Amino acid sequence: MKSLKKSALVLAIAGLPFAAQADLKPLDDAHMGNITGQAGVTIELETRVDIGEFRYTDEGSLSIKDIKIGGANRTDLFEEITDFRDALFGQTSDLIDNIKIDIDIADDGDALINIFPITAAPIDFGISTGDWTLEGHTDTTLLASNFNMVGAFTKVGIRVDTATDTLNLNTQVGISELNVDFDFLALGIRGLKMTGADYMGTRLDGSAANPGVLTLGATIDMDVYKGTRLGGAGDALAIDLNTFAADMSIDQVLVGGTSIGSVMMDNLVVQDTTMRIYGH
């Protein structure tokens, strides 16, 4: 099958010079209307990304080493979903896969990009890094190390609105486990979990939580656009967090290598939050 695809590609490339010499005719308005009225594009994707070092430099530098982004490669994600977990996360892989991307242009010109699973299973992911280091001309500080996060998301919706020049991001993403050490503070986090607000503790309406696929991810709705600075004139990257709703827990908070207890936040809701980012 692969050789057949390659042969087709070779034939297509070989035919390009002949196509260039053909009698090409411009499309009239009717034909153009038929083309622009067609359905959008669907992309299926699987990938893994390794970055040896990311470095941001101003006067000093922030260095993040050994960045790895791929699949969770675990079958024990969100262990509370006892009835569904084996079916959802029964196969392990270090690839981010099971991804389907639909791209459409609406009749008003808005761009619609929706990312969701090909199958019924959520899209699992894993992110890990090495040392996070601040580097000056003479001194360095180890900010963090041993960062490792696994989780899953069930949808990512992106809309670029041509009327307001605004990018809207609407997603549901959950963290099954996050571990990290903040070395310069002698602080460690073990077993941080972030889910939908109806997953742990109680629902937003006060009734008992019901762990399941639909409540697995925290709800995040934000707008990104070109705005003005809050403190004066000038352009800025504007980020408006319309809604963030989640349950969050930490199994262990370590100080000096010793656990001082656990943390739980039930029905954490953040709304109407505005941020402006610009250079100085």
Side-chain angles (χ1 to χ4, degrees), residues 47-51 53-54 62-81 85 88-89 92-99 115 121-134 142-156 169 171-201 209 211-213 215-220 222 241 243-270:
T47 186
R48 183 181 67 236
V49 179
D50 294 325
I51 303 172
E53 180 183 19
F54 167 83
L62 168 65
S63 168
I64 305 175
K65 294 184 177 179
D66 301 323
I67 303 169
K68 300 181 183 300
I69 304 172
N73 205 20
R74 288 172 51 171
T75 59
D76 59 347
L77 301 179
F78 303 98
E79 64 275 7
E80 295 85 357
I81 313 179
R85 190 179 69 250
L88 296 178
F89 305 111
T92 62
S93 171
D94 61 354
L95 296 174
I96 296 181
D97 52 13
N98 191 32
I99 298 176
I115 305 171
I123 302 168
D124 64 274
F125 64 86
I127 303 173
S128 65
T129 71
D131 293 349
W132 296 47
T133 307
L134 284 177
L142 179 59
L143 290 178
S145 61
N146 303 318
F147 178 92
N148 192 293
M149 177 174 67
V150 291
F153 60 90
T154 54
K155 74 167 186 175
V156 176
L169 173 65
T171 184
Q172 288 182 324
V173 58
I175 299 173
S176 180
E177 183 178 358
L178 185 153
N179 302 309
V180 63
D181 292 318
F182 298 102
D183 299 83
F184 78 115
L185 297 175
L187 175 68
I189 300 295
R190 298 291 181 270
L192 183 150
K193 177 179 291 185
M194 181 182 76
T195 66
D198 293 334
Y199 189 94
M200 298 184 285
V213 178
T215 60
L216 179 151
T219 298
I220 303 173
M222 66 171 63
L241 181 59
T243 301
F244 173 82
D247 289 342
M248 297 184 68
S249 67
I250 302 175
D251 291 341
Q252 295 184 74
V253 178
L254 306 178
V255 177
T258 301
S259 175
I260 62 171
S262 60
V263 175
M264 169 66 185
M265 287 186 287
D266 185 27
N267 296 339
L268 170 65
V269 178
V270 181

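Note that the numbering runs from 1 along the sequence shown for the chain. All values reported here derive from a predicted model rather than from experimental measurement.
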- Message: Among residues at least two apart in sequence or on other chains, which ones pass side-chain contact (heavy atoms from CB on, under 4.5 Å) with L142?
- Response: D131, T133, D183

- Query: Which heavy atom in A152 sits nearest to a heavy atom in F125, and how many Å separate them?
  - Reply: N-CE2, 3.3 Å

- Could you tell me the separation between the CD atom of E177 and the CE atom of M149, rounded to the nearest 0.5 Å? 11.5 Å

- Item | Trace of the side-chain contact (heavy atoms from CB on, under 4.5 Å) decision for L241 with I220 | CA-CA 8 Å; L241 181 59; I220 303 173; 4.2 Å; yes

- Interatomic spacing from CG in D76 to OG in S176 - rounded to 0.5 Å: 6.5 Å

- Message: So does Q252 get a backbone contact from the side chain of S262, meaning a donor-acceptor N/O pair under 3.5 Å?
- Response: no

- Query: Can you tell if the side chain of V173 reaches within under 4.5 Å of the side chain of M194, non-hydrogen atoms only?
  - Reply: yes

- Message: Run the salt bridge (charged side-chain N to carboxylate O under 4.0 Å, His left out) test on E79 and K193 for me, step by step, so that the C-alpha distance in whole Å, both residues' side-chain angles and the decisive distance to 0.1 Å come before the verdict.
- Response: CA-CA 11 Å; E79 64 275 7; K193 177 179 291 185; 3.3 Å; yes

- Listed by chain and number, what are the salt bridge (Lys or Arg N to Asp or Glu O under 4.0 Å) partners of D97, not counting sequence neighbours? none

- Task: Using the test side-chain contact (heavy atoms from CB on, under 4.5 Å), find all partners of V255 that sit at least two apart in sequence or belong to another chain.
- Result: L187, I260

- To the nearest 0.5 Å, tell me how far K155 NZ sits from Q172 CD. 5.0 Å

- Answer yes or no: is there a side-chain heavy-atom contact under 4.5 Å between V150 and D124? no

- State, with a plain yes or no, whether a side-chain heavy atom of M222 is found less than 4.5 Å away from one of F244. no

- Gap between atom CD1 of I99 and atom CD1 of I115 - 0.5 Å precision: 7.5 Å

- What pairs meet the side-chain hydrogen bond (donor to acceptor under 3.5 Å, both in side chains) rule with one or both residues in residues 63-73, with sequence neighbours excluded? E53-S63

- Note on the structure: Distance col, row I69:CD1 vs T129:OG1, nearest 0.5 angstrom, shows 10.0 Å

- Who are the side-chain contact (heavy atoms from CB on, under 4.5 Å) partners of N146, not counting sequence neighbours? D181

- Note on the structure: d(L62 CG, W132 CH2) to nearest 0.5 Å is 7.0 Å

- Kindly determine whether V156 and I123 satisfy side-chain contact (heavy atoms from CB on, under 4.5 Å), including the steps that lead there. CA-CA 11 Å; V156 176; I123 302 168; over 6 Å; no

- Query: Is there a donor-acceptor contact under 3.5 Å from the side chain of D198 to the main chain of A209?
  - Reply: no

- Under the 3.5 angstrom rule, does the side chain of R190 hit a backbone N or O of V180 as a donor-acceptor pair? yes

- How are the rings of Y199 and F78 set to each other: parallel, tilted or perpendicular (split at 30° and 60°)? perpendicular

- Item | D247 side chain vs N267 backbone, donor-acceptor pair below 3.5 Å | yes

- Could you tell me which non-hydrogen atom of S128 sits nearest to which non-hydrogen atom of N148, and how far apart they are? CB-ND2, 3.8 Å

- Message: Applying side-chain contact (heavy atoms from CB on, under 4.5 Å), can you list everything that pairs with I250, at least two apart in sequence or on another chain?
- Response: I189, L192, V253, V263

- Could you tell me whether the side chain of L216 reaches within less than 4.5 Å of the side chain of F153, counting heavy atoms only? no

